[in-house]
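These notes concern the structure reproduced below.
Each ligand, and each atom within it, is numbered from 1 in the order the structure gives. The basis for the numbers below is simple: all heavy atoms, side chains too, and nothing from hydrogens, waters or symmetry mates.
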Amino acid sequence: MVIIMQPNASAQDIKEVIKVIEENGLEAKVMEGRQQRIVGVIGDKTRLASVPLEAMHGVEQTVAISKSYKLASREFHPQPSIVDVDGVKIGGDEPIIMAGPCAVESREQLFEAADIVKAGGAQFLRGGAYKPRTSPYSFQGLEEKGLEYLAEARERTGLKVVTEVTVVEAVERVAYYADMLQVGARNMQNFGLLKAVGRAGKPVLLKRGLAATLNEWLNAAEYIMNEGNPNVVLCERGIRTYETYTRNTLDLSAVPAVKHLSHLPIIVDPSHGTGKWRMVKPMALAAITAGADGLMMEVHPNPARALSDGPQSLTPEHYQDIMTSIHKLSKFMKDEHIQSIDLTD
Ligand code: PEP
Ligand code: MN
């Protein structure tokens, strides 16, 4: 961090700034400019996190040089991380596919969906037992019954289970049944929940908030990692823009940006990212081409009867078609040594 002093800052002002820096166990280095002086801070600047430096007399501005997130940053961990979810490796050579209904609606619906998902070649079954719905009158999920069905579907198919946890009180229960805990877009900055999933002992899928910057998103990952859980996978699921045709604007540029900033794997959710099943295939293929480590897609045995997110849910036929194309695309990229992202810089 550097502290830019005002042009008229006095020697006493600078002395006071240096004193605060040194009191916090850090080193200060004054650089003389033609008009202004700058104080460089050497050491772990998180020690100054609660010091209001910009309120000090003579201080113009503080500028961060290194990132506020460390554990999630590539600066401190140059090699890409692979997150191992009970044997399934996210961030390796193969794109990992998480598919299933928006919500677990019944045992029959989930089992039917799980068989379809498995047949298409996905590794994970998704499905919400706790649903974060915009309206309190909409279907809220089957809660613990839904978790039991998910665990049964895992037994039946061998698929791993990823499912959302919406409140701190449910973390232990969801961690008992699921292989991976999902933190949804609406909870990306629910810091209590982030800390709780960080302590739950299961890998976490962290979706990007509806209006979150990459910096905010990676800081949210830092909350989880700071509790001792390094197994975080990011999921780009679209952000709010002025466009209303799509449900969200899928920010595929987040994939190379996150790969540059962080070592964590990143997958893409073109279902919530567009809100339209017709747009899932082109965005899924684009995401893999952009370097995503996998995809999350909503699939329903009968989307017209879905209790949530029917318009973006794939029919079994469309899902199968997308999976065939994804496998061809990733084989082509591998055979031709096409790597969208250069992680050596
Ligand atoms: C979901 O994946 O079920 C979901 C609610 O997605 P998001 O948090 O991205 O809206
Ligand atoms: Mn959904």
Consider only side-chain N and O atoms of [X] and [Y], and report whether a donor and an acceptor are under 3.5 Å apart.
X      : Y      : answer
His272 : Asp269 : yes
Gln6   : His57  : no
Asp309 : Gln312 : yes
Thr249 : Glu243 : no

Query - Short N-O contact, Glu236 and Arg208, less than 4.0 angstrom - result: yes
Report task. Give yes if a backbone or side-chain nitrogen or oxygen of Glu298 is under 3.5 Å from a nitrogen or oxygen of ligand 1, and no if not. Result -> no
Which N/O/S atom belongs to [X] and is the closest one to the Mn ion (ligand 2)?
X      : answer
Asp309 : OD2
His272 : NE2
Glu298 : OE2

Query raised in the report: In terms of atom number and element, which parts of ligand 1 are under 4.0 angstrom from non-hydrogen atoms of Arg186?
Result: 7 (P), 8 (O), 10 (O)
Report task. Considering only non-hydrogen protein atoms, determine which one is nearest to atom 6 (O) of ligand 1 and report residue, atom name and distance to 0.1 Å. Result -> Lys207 NZ, 3.0 Å
Query raised in the report: Does Arg208 come within less than 4.0 angstrom of ligand 1, counting non-hydrogen atoms of the residue?
Result: no
